[in-house]
Amino acid sequence: MKTLRLPLSSDILHALFPSVRAELLRRLFSDPTREFYVRELARLTTLALRTVQQELARMSKAELVTSHSNGYHRFYRANRKHPVFSNLQQLVLKDVNRRSFVSRRKRPRQNWRTRKQPRRYEPSPRLHITIGHKNPP
């Protein structure tokens, strides 16, 4: 029977979970008392908003995270009552100093409004047109 040996430089969370789920687990389980709203998680992880929403829905279905809404934002937090909470938190805390899975150079997709500078229109010079009058000599 072969055992899986990971090099010391590899990331345990990345080896066990898809990158999106591992990054969200890292954010949620590194500080289980903190609540995040969806756009905040998307901004922090530089993942697309829809990707974060889909993954949080999967994690909610598995009851790994709890959520509530204040009418405007939906907040998510790690579920401390889940049977594997302590195990997942230990994995996250062991890898807390590792690099993020998503490149920091990549821009979040929700910042598409601020990527381009707004066009600045210069007013056209006024034309002086006279109709029915002769030009003065």
Side-chain angles (χ1 to χ4, degrees):
M1 181 164 130
K2 293 184 178 182
T3 58
L4 177 64
R5 289 187 180 192
L6 296 172
L8 294 176
S9 63
S10 73
D11 196 346
I12 295 170
L13 286 173
H14 190 245
L16 295 175
F17 302 109
S19 296
V20 174
R21 187 171 307 145
E23 187 64 25
L24 289 176
L25 285 172
R26 176 178 285 151
R27 295 288 176 177
L28 292 167
F29 282 78
S30 62
D31 185 10
T33 60
R34 184 170 176 202
E35 293 181 331
F36 296 91
Y37 60 95
V38 180
R39 285 192 185 271
E40 182 181 14
L41 282 170
R43 193 177 316 114
L44 290 171
T45 59
T46 67
L47 297 168
L49 179 63
R50 184 67 183 143
T51 304
V52 172
Q53 289 172 333
Q54 289 172 342
E55 194 57 44
L56 286 172
R58 287 185 194 109
M59 292 169 71
S60 291
K61 192 173 182 180
E63 298 179 356
L64 289 173
V65 295
T66 60
S67 67
H68 74 278
S69 177
N70 67 354
Y72 186 69
H73 291 106
R74 177 151 295 277
F75 292 92
Y76 289 88
R77 146 190 318 195
N79 184 1
R80 294 175 145 189
K81 296 177 183 175
H82 197 279
V84 297
F85 170 78
S86 60
N87 296 335
L88 283 174
Q89 189 180 27
Q90 287 174 1
L91 281 174
V92 168
L93 292 177
K94 286 179 183 177
D95 286 350
V96 77
N97 294 328
R98 305 285 176 140
R99 64 173 174 77
S100 295
F101 300 129
V102 181
S103 172
R104 283 284 164 210
R105 290 176 277 165
K106 184 178 174 184
R107 288 186 173 178
R109 297 187 99 197
Q110 62 268 23
N111 283 346
W112 63 272
R113 291 180 191 93
T114 60
R115 268 190 241 161
K116 295 180 182 177
Q117 293 294 326
R119 290 184 183 177
R120 297 176 191 244
Y121 293 102
E122 299 284 329
S124 59
R126 292 184 177 235
L127 298 175
H128 296 288
I129 301 175
T130 56
I131 299 174
H133 292 44
K134 290 185 178 178
N135 291 339

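Nothing here was measured: the structure is a model prediction, and the numbers come from that model.
Atoms CD and OH, on Q53 and Y76 in that order, are 8.0 Å from each other to the nearest 0.5 Å. Distance check: L24 CG to T51 OG1 gives 9.5 Å after rounding to the nearest 0.5 Å. Taken to the nearest 0.5 Å, the CZ atom of R21 stands 8.5 Å off from the CG atom of L64. In this structure, L28 CG and M59 CE are separated by 5.5 Å, a value rounded to the nearest 0.5 Å.
Every residue was checked against the salt bridge (charged side-chain N to carboxylate O under 4.0 Å, His left out) condition with R50, not counting sequence neighbours, and none meets it. Applying the side chain to side chain donor-acceptor pair (under 3.5 Å) rule to S67 yields the partners R74; only residues at least two apart in sequence or on another chain are considered.
The minimum heavy-atom distance between F85 and A78, with the atom names listed, is CE1-CB, 4.0 Å. Listed here is the closest heavy atom pair of V65 and S60: CG2-OG, 3.4 Å. The nearest pair of heavy atoms linking A42 to V52 is CA-CG2, 3.9 Å.
For Q54, the CD atom sits in a packed shell: over 12 heavy atoms of surrounding residues, nucleotides or ligands are nearer than 6.0 Å.
No side-chain donor-acceptor contact under 3.5 Å links R27 to the backbone of L41.
Sorted by first then second residue, the side chain to side chain donor-acceptor pair (under 3.5 Å) pairs that include residues 77-86, not counting sequence neighbours, are E35-R77.
Counting only heavy atoms from C-beta outward, the side chains of L56 and F36 never approach each other to under 4.5 Å.
Taking a cutoff of 4.0 Å between a charged side-chain nitrogen and a carboxylate oxygen, E40 and R43 do not qualify as a salt bridge.
Note: F75 and Y37 have perpendicular aromatic rings, judged against thresholds of 30 and 60 degrees for the angle between ring planes.
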